[in-house]
Amino acid sequence: MQELSAYLKRKMMISRIFGIFACLVAITGLVLKFLELLDDWLCLMMIVYSLGTIFALNGNLQDIKVGNPWQRINFACSVIMYLFVIFIIIYGFCIGELSVQF
């Protein structure tokens, strides 16, 4: 039983650390956009991808703490955010705002 408890505590701590890192990535994107060092599209993609990561990590925490309904909601929101990033990339290329330059 103690092994399971130690495993769950480690899993929670890892989720929290990566969640804080994802929040820092989103905040960094906002700061860089405020300083006009980052494009609007890249800033939006960074924030939405970070939100997807945060929802996925929160789903892991809900799996340990609360249980099924909130875990599913968080994972569904995570999938929606990841699909939204893909949509933003495709839309940006289609309207010509994004391009690949070497």
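Every value quoted in this text rests on a predicted model; they were computed, and no experiment measured them. Count residues from 1 along the sequence.
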Inset, instruction - Run the numbers on Val100 and Phe93 for side chain to side chain contact (heavy atoms under 4.5 Å, CB included), then give the verdict. - result: CA-CA 9 Å; Val100 179; Phe93 278 113; 3.8 Å; yes

Inset, instruction - For side chain to side chain contact (heavy atoms under 4.5 Å, CB included), just list the numbers for Ile90 and Cys94, CA-CA rounded to whole Å, side-chain angles, deciding distance to a tenth of an Å, and then say yes or no. - result: CA-CA 6 Å; Ile90 292 170; Cys94 288; 4.1 Å; yes

Inset, instruction - Tell me, with the steps shown, if Phe55 and Phe75 meet ring-ring contact (aromatic ring centres under 6.0 Å, His included). - result: CA-CA 6 Å; Phe55 277 122; Phe75 282 131; over 10 Å; no

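Remark: side-chain polar atoms of Ser78 are not paired, donor with acceptor, to backbone N or O of Asn74 under 3.5 angstrom. A donor-acceptor pair under 3.5 Å is absent between the side-chain atoms of Ser50 and the main chain of Cys23, judged by distance alone. Side chain of Tyr49 to backbone of Met81: no donor-acceptor contact under 3.5 angstrom is found.
In this structure, Phe87 is a member of the same hydrophobic cluster as Ile47, with clusters built from ILVMFWY side-chain heavy atoms closer than 4.5 Å. Note: the hydrophobic cluster containing Met45 does not contain Ile80 (ILVMFWY, side chain heavy atoms under 4.5 Å, direct or indirect links). Under a hydrophobic clustering in which Ile, Leu, Val, Met, Phe, Trp and Tyr are joined whenever their side-chain heavy atoms come within less than 4.5 Å, directly or via other members, Tyr82 and Tyr91 fall into the same cluster. Connection of Leu30 to Leu44 is established within a shared hydrophobic cluster, with ILVMFWY side chains joined at heavy-atom distances below 4.5 Å, either directly or through further cluster members. The same ILVMFWY cluster, assembled from side-chain heavy atoms under 4.5 Å apart, contains both Trp41 and Phe34.
Taken from CD in Gln71 to CG in Asn58, the straight-line distance is 10.5 Å, to the nearest 0.5 Å. Considering CG of Leu32 and CG of Asp39, their distance stands at 12.0 Å, rounded to 0.5 Å. Taken from CG in Asp40 to CG in Leu98, the straight-line distance is 10.5 Å, to the nearest 0.5 Å. The CG atom of Leu61 sits 11.5 Å away from the CD1 atom of Ile54 when rounded to the nearest 0.5 Å. Remark: Leu42 CG to Ile88 CD1 distance equals 11.0 Å, nearest 0.5 Å.
In the displayed structure, Phe21 atom CZ is contacted under 6.0 Å by at most 12 heavy atoms of other residues, nucleotides or ligands. Residue-environment remark: NZ (Lys9) stays at or below the threshold of 12 foreign heavy atoms within 6.0 Å.
Val25 and Met46 get closest at one heavy-atom pair: O-CE, 3.5 Å.
Its side chain within the 4.5 Å cluster rule, Leu57 clusters with Ile14, Phe18 among the Ile, Leu, Val, Met, Phe, Trp and Tyr residues.
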